[in-house]
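Working notes, structure below.
So that the names make sense, note that chain A is the first sequence line, chain B the second, and so on, each numbered from 1.
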Amino acid sequence: MKQRVSALLRERFERDVVLEKPKDRSFGHFSTPIAFALSKELRKSPMLIAEELAGAFGQSDIFCAVESVKGYINFRLSESFLSQYATWALEHPEEFGRGSKQERVLLEFVSANPTGPLHIGHARGAVYGDTLLRLGRHLGYDITAEYYVNDAGNQIDLLALSLQLEGRSSVLHEKVEFPEKFYRGEYLTELAKEAAKQFGREIFTDDERGNELALWAKDRVLEMIVADLRDVNIHFDTFVSEASLYERWERVLEKLGEGAFIDDEKVWLRSSAHGDEKDRVVVREDGRATYLAGDIIYHNQKFERGYARYINIWGADHHGYIARVKAAVRFLGYDADRLEILLSQMVSLLKDGEPYKMSKRAGNVILMSDVTQEIGADALRFMFASKKSDTALEFDVEALKREDSSNPIYYINYAHARICTIVEKSALSRDEIMAAPLEGLNEDADALLFEALLLPEVIEDAFESRQVQKLPEYLKVLSARLHKFYYDYRIIGEADEAKLLKLFLMVALSIKTGLSLMGIAAKEKM
RNA sequence: GCGUCCGUAGCUCAGCUGGAUAGAGCACUGGUUUGCGGUACCAGCGGUCAGGGAUUCGAAUUCCUUCGGGCGCACCA
């Protein structure tokens, strides 16, 4: 809708036009301050220019009024245009808000180490990534959702050691001391039990079999992670194993060319040449690769796969890592601007105003699965999708358990359910409702219709700006308008019943589509 | 110290392609159609958009700076 108007104005004025939605509805559906910009070069007052420009608009299918007010040009869309658009959308619900983008995009997110279950910080990144994924796909982008599995390095050895110690403690009932660094948590107790069955109890005391145990354990932990994600409707297309990458190291090292050098018997990345604070070690003197080496191979492998764009979602604590990875990408001969690294900030959860209790044996973290269980997948998703990902967030989970208008997910669902109920209650058939033209509506109905038809713009804006919270924000506003309208007007039995129900169906379509892009199914009954 | 993200109502947060009187929820106060789901709606209270400077016809939005806070600053992942 906005694109359509925008394109029309660009053609008319032969330049890009800033188009905005006036806060005050009496100014119409869209407006542009273009006259202010033109005033300087035309050496005329904005008001005069606006008047002339507005006056030059003749009859149009799209607008029913074009007016100038105090230098702004305000546009009012015609009822027939809005009506036709809504009718089309209701007849093609799957197509509503779809885009025609075609780029192939590789979206990497979560990528938590397979050494323990997901915590609440991971959950935020997971929801953010999956929401972007859904939005992008709706717009037509061909997106691959990928999980990079850090299944190599010290952490995996440590996982095996931790599991052995846990086995000696909880299975063999030995008295043991857990070093500070070791992984702890209920999941290890469970794994120890499983390991005892699978390998026999001697696995816990045999130093020789640590590796065997490690390989098994990391797979089991990854399965747990995948299950936690599945519980909130998140699925990945591909998993890339870090361990499997190292056989390509020689080739990648060669490709780095001048980007790599040897000093002090170590291999370094000359990252300082591309904006990093200093150069970084990639291979230690004993020949073991650092984490960065894996990431370099991984990003080389990503770019070799030939996507138009690469999006990584990282925890904000990794932001210092951006410069060196981008530097590596440049040395590999690729355009680092195609790699976009988005950060998801820390989360602190509250419950009734108090810090959320960490699960007892999970170590010092709040488990994602605990929160999912407590407030449900829908609420968890809404909570994280509704806040800007790059600001630290404090959230009280109790707010999402309430069953009233203070809980946005409840409020939005209630609007949807209300529509379903009233349509059900009406004696009119769906065909009768659909046959009604959305014309001759009063101003409030017109405003509601316009709001409902804005969803496509919101989807595009949310995805392109990577600010997914715009979608839930919009759904709240739309729902509020619906509730108010419902309160102010009677529907059933009125002369306009068919039209108003059709209007409501349009609102329901936007809510349902919007929620589904957040991985949430709209409720038809509360 | 350096880098980075942030600082909007008492609290949690929107708004930031610069534009017409700064928004929502919570909290607090007071109301609402003999009502299709009141599981809703309305009003009031509350803001020097951290401070200062610059650009501009116009800045919460851009730039600089000060102050305050989070995070990072490994040959750990």
Of the listed nucleotides ([options]), which one gets closest to any side-chain atom of [X]?
{"X": "A:K278", "options": "B:C36, B:C41, B:A74", "value": "B:A74"}
{"X": "A:Y411", "options": "B:A40, B:C57, B:A14", "value": "B:A40"}
{"X": "A:K2", "options": "B:U17, B:A77, B:C13", "value": "B:U17"}
{"X": "A:E277", "options": "B:A14, B:A40, B:C73", "value": "B:C73"}
{"X": "A:R418", "options": "B:A77, B:G38, B:A14", "value": "B:G38"}
{"X": "A:R402", "options": "B:A40, B:G35, B:C26", "value": "B:C26"}
{"X": "A:S406", "options": "B:G35, B:C26, B:G72", "value": "B:C26"}
{"X": "A:S31", "options": "B:G38, B:A20, B:C16", "value": "B:A20"}
{"X": "A:Q469", "options": "B:G15, B:A20, B:C71", "value": "B:G15"}
{"X": "A:Q345", "options": "B:U12, B:G70, B:G72", "value": "B:G70"}

Pair assignment for [N], Watson-Crick or G-U wobble, requiring both distances under 3.5 Å:
{"N": "B:C26", "answer": "B:G10"}
{"N": "B:C71", "answer": "B:G3"}
{"N": "B:G46", "answer": "none"}
{"N": "B:A77", "answer": "none"}
{"N": "B:C57", "answer": "B:G19"}
{"N": "B:C41", "answer": "B:G31"}

Regarding [N], can its base be found pairing with the side chain of [X] as donor and acceptor, where the two atoms are less than 3.5 Å apart?
{"X": "A:N74", "N": "B:A20", "answer": "yes"}
{"X": "A:H319", "N": "B:G3", "answer": "yes"}
{"X": "A:T115", "N": "B:A77", "answer": "no"}

For [N] and [X] - does any side-chain N or O of the residue sit under 4.0 Å from the phosphate oxygens OP1/OP2?
{"X": "A:T391", "N": "B:A14", "answer": "yes"}
{"X": "A:R481", "N": "B:A24", "answer": "no"}
{"X": "A:K470", "N": "B:C16", "answer": "yes"}

field: Output field: ring centroids A:F331/A:H274 closer than 6.0 Å
entry: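 Close enough - the centres of the two rings lie under 6.0 Å apart.
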query: Looking at the rings of A:F109 and A:Y147, which for Trp means the six-membered one, are their centres under 6.0 Å apart?
result: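 No, ring centres 6.0 Å or more apart.
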- request: Side-chain contact test, heavy atoms from C-beta onward, threshold under 4.5 Å: evaluate it for A:L253 versus A:I296 and give yes or no.
  value: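 When only atoms from C-beta onward are counted, A:I296 and A:L253 do not touch, as no gap falls below 4.5 Å.
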message: To the nearest 0.5 Å, what is the distance between CG on A:L471 and CD on A:Q469?
response: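 So the gap between those two atoms works out to 10.0 Å.
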query: Below 4.0 angstrom, N of the basic side chain to O of the carboxylate: do A:K2 and A:E460 qualify?
result: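 Answer for the salt bridge query: no.
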- prompt: Is A:K388 salt-bridged to A:D390, going by a charged N under 4.0 Å from an acidic O?
  reply: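 Salt bridge between A:K388 and A:D390, a charged N being under 4.0 Å from a carboxylate O: no.
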Take the protein atom [atom1] of [X] and the nucleotide atom [atom2] of [N], then report the distance between them rounded to whole Å.
{"X": "A:H122", "N": "B:A77", "atom1": "NE2", "atom2": "P", "value": "16 Å"}
{"X": "A:K70", "N": "B:A20", "atom1": "NZ", "atom2": "P", "value": "10 Å"}
{"X": "A:I491", "N": "B:C36", "atom1": "CD1", "atom2": "P", "value": "12 Å"}
{"X": "A:E20", "N": "B:A20", "atom1": "CD", "atom2": "C1'", "value": "9 Å"}

message: Taking the nucleotide of RNA chain B with the nearest heavy atom to each, does A:T421 or A:L292 sit closer to the 5' end?
response: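 Result of the comparison: A:T421.
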field: Along RNA chain B (nearest heavy atom to each residue), the more 5'-positioned of A:E394 and A:Q155
entry: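 Mapping each residue to its closest nucleotide by heavy atoms, the 5'-most match is A:E394.
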Same-atom distance (P) from B:C45 to B:G23, integer angstrom: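 Here B:C45 and B:G23 have their P atoms 14 Å from each other.
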- prompt: Checking side chain to side chain donor-acceptor pair (under 3.5 Å) against A:N312, which of A:E340, A:H299, A:H318 comes through?
  reply: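 When side chain to side chain donor-acceptor pair (under 3.5 Å) is applied between A:N312 and each of A:E340, A:H299, A:H318, only A:H299 qualifies.
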